[in-house]
Amino acid sequence: MCGIIGYVGREQALGGMLLEGLRRLEYRGYDSWGVAVGQNGTIKVAKQAGRIIATNPSLPDATIGFGHTRWATHGGVTDENAHPHVDCTGRFAVIHNGIIENFRKLRERLQQAGHTFVSETDSEVIAHLIEDAVGESQDPDAVVQGVRAVFNEIRGLNAFIVLDNHTRHLFAVKNVSPLVLGRSERGAFIASDALALVDHADEIHFVNDGQVAVIGQDQIQLFEQATGEPQVLDWQEMTLTAGDTGLNGFPHFMIKEISEQPDVLRRLVTDGIEPVRGLAELIRESYGTFLVGSGTSSYAALTGSYLFSRIARRHVNFTVGSEFKYQEHFLTERSLVVALSQSGETADVIEAVMAAKERGATIAALVNVPGSTLDRMADYSVHLNAGPEQCVLSTKAYVAKVAVLLLAAHILNGSEHAGREIIWQSVDGIEQLLSPIANDNLLTVSRSIVDHDHCYIIGRGLSYPTALESALKIKEVSYIHAEGFAGGELKHGVIALIDKGTPAIVFSPLDETRDDILSGAMEMKSRGALIIGVSPEHDEVFDLHIPVSDVGDGSPIVNVVPAQLLGYQLALMRDLDPDKPRNLAKSVTVK
Ligand code: F6R
């Protein structure tokens with residue numbers, strides 16, 4: 001959930017590297033931020049609640065330092081609770097990602113032993129535990145032993161980095177939470193996402209669970225946390241570039257990423273089919289396939305279950321990541337679990353995958369971040385190749401996941417060509433929605449919604465998950481309460497919510513759901529709702545019409561785009577930052 005970046009080298013760490021890296025990592029958490037540098041025997045810290053300030057904090061520059069963006073779990077959003085946290089002696093600073101489940105006990109014990117705590121966080125215990133574990137020793141090996149011992153003591157899924165100002169090294173260890181090492185002539189780096197190391201590192205290495213990394217100016221070493229055995233580093237060329245991380249002329253990442261969707265789909269059909277064929281084969285061979293994901297990824301997974309049923313006549317189960325553990329009991333060694341995740345780091349999904357692995361199931365991943373935890377845990381991965389998603393809201397990775405599942409269903413059905421054709425039609429369909437004329441029409445629709453507290457969205461069949469995803473896109477960025485329903489559920493209670501002027505978005509593709517969904521729209525209109533139809537054809541029940549292309553089973557790919565754009569426009573109309581909605585973080589690495 002948090003963003004981490006650290007540097008040891010010959011250059012000045014603060015401005016160009018740490019703060020710039022933190023700004024790129026802000027999508028991981030933006031309640032508060034902080035940096036620490038080691039200089040002249042003392043550690044200097046600057047940290048505060050709120051977004052990262054535009055100017056550099058008044059800290060001395062130094063050749064060793066690290067920084068952190070926080071998404072609060074334990075302790076409110078205050079300056080004191082922001083990371084880094086320093087031990088009683090001022091020798092060690094610590095930044096942390098995760099939740100220390102046994103922190104209360106540890107804190108009590110440390111306080112009884114005389115340690116002074118200045119924050120309410122669980123993270124601060126690490127600084128004091130390290131202080132006790134290392135004592136006066138000035139030997140980096142002693143710090144490695146200390147880190148190993150402290151990691152053994154804390155419970156939960158955690159990653160932490162220790163800055164030791166005496167040995168001038170950073171020490172890092174992790175369990176599930178991601179960490180990547182980097183190196184170049186400029187020095188040695190560590191971060192929670194390779195994105196932060198663009199322009200700095202030439203080569204990267206992903207740290208595995210249960211490894212301790214020791215980062216010095218001229219050398220990076222890796223040890224197994226449990227045994228202390230040295231480990232081999234597998235350096236890979238850094239392939240991300242500044243072009244992948246910038247706004248490229250767009251005002252926000254959200255609209256940049258929405259606009260990239262046609263390219264994402266083009267890449268999939270031109271260069272990305274082979275891995276999808278492999279996925280289809282795994283599904284064919286399995287005795288039971290289960291799609292699992294959280295949030296937007298869960299709606300892509302639910303869409304997948306409809307697509308496999310309609311196109312490949314195959315029953316594929318669907319479960320939300322956090323619910324998987326209550327439903328896993330049916331898994332066997334012949335089951336296939338397909339985990340969907342943009343980040344590849346979502347704790348609920350990782351936990352589900354761990355449980356499935358324990359039962360001997362095969363794991364396939366649909367993942368956008370190569371080298372992420374899910375990617376490395378999976379037996380088989382389809383990389384979405386959507387490029388970095390930096391807006392907290394997921395857009396292009398959703399469309400990529402649905403397109404992969406649609407293609408896989410067609411491949412299973414022996415109709416790959418038809419599947420590819422649908423994706424090409426979807427590319428055109430999205431491009432039309434990105435045109436200035438479509439934009440003006442959507443602005444009119446946004447104006448009709450912006451002053452309302454509630455908005456309802458209905459769809460049936462394939463459009464039901466689209467309604468759920470559309471509602472999520474609108475509510476999480478505009479804070480207008482938007483709720484998606486299966487069209488048929490209206491009469492079972494939902495219709496009580498409809499009041500005069502309530503905006504209701506109705507997905508009405510030209511498929512077998514059309515008559516039923518339009519009669520649902522009529523029922524809402526009769527109770528005063530303002531009906532906004534998303535459909536290739538106008539209907540008299542629509543008060544406002546968002547025309548979309550008729551792309552058959554590709555409708556979930558195209559029809560979500562108006563909702564993404566409405567969410568964006570509504571956020572701007574309400575003076576909100578579309579890239580960083582309140583209370584959210586992009587990678588939810590805590591349970
Ligand atoms: C919504 C959104 C979240 C994520 C969810 C899972 O716009 O971004 O709902 O979809 O946190 O994230 P991943 O796909 O990274 O597992």
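In what follows, residues are counted from 1 in the order of the sequence shown. Every number for a ligand or one of its atoms is a count from 1 in the order of the listing. What you see below is based on every heavy atom in this structure, not just the backbone, and it leaves out hydrogens, waters and symmetry mates.
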Would you call the rings of His481 and His454 parallel, tilted or perpendicular, taking 30° and 60° as the class edges?
perpendicular

I'd like to check the salt bridge (Lys or Arg N to Asp or Glu O under 4.0 Å) partners of Lys357; sequence neighbours left out, ordered by chain and number.
none

Can a cation-pi geometry be assigned to Arg582 and Tyr479, taking NZ or CZ under 6.0 Å from the six-membered ring centre and within 45° of the ring axis?
yes

Would you list the pairs meeting ring pair (Phe, Tyr, Trp, His ring centres under 6.0 Å) in which at least one residue belongs to residues 239-266, sequence neighbours left out?
His252-Tyr568

Quick one: list whatever passes side-chain contact (heavy atoms from CB on, under 4.5 Å) with Ser322, sequence neighbours left out.
Val320, Asp348

Give a yes or no on whether the ring-centroid distance for Phe330 and Phe290 is below 6.0 angstrom.
yes

Residue shell for ligand 1, any heavy atom closer than 4.0 Å, reads Ser294, Gly295, Thr296, Ser297, Ser341, Gln342, Ser343, Thr346, Val392, Leu393, Ser394, Lys401, Leu472, Lys473, Glu476, Val588

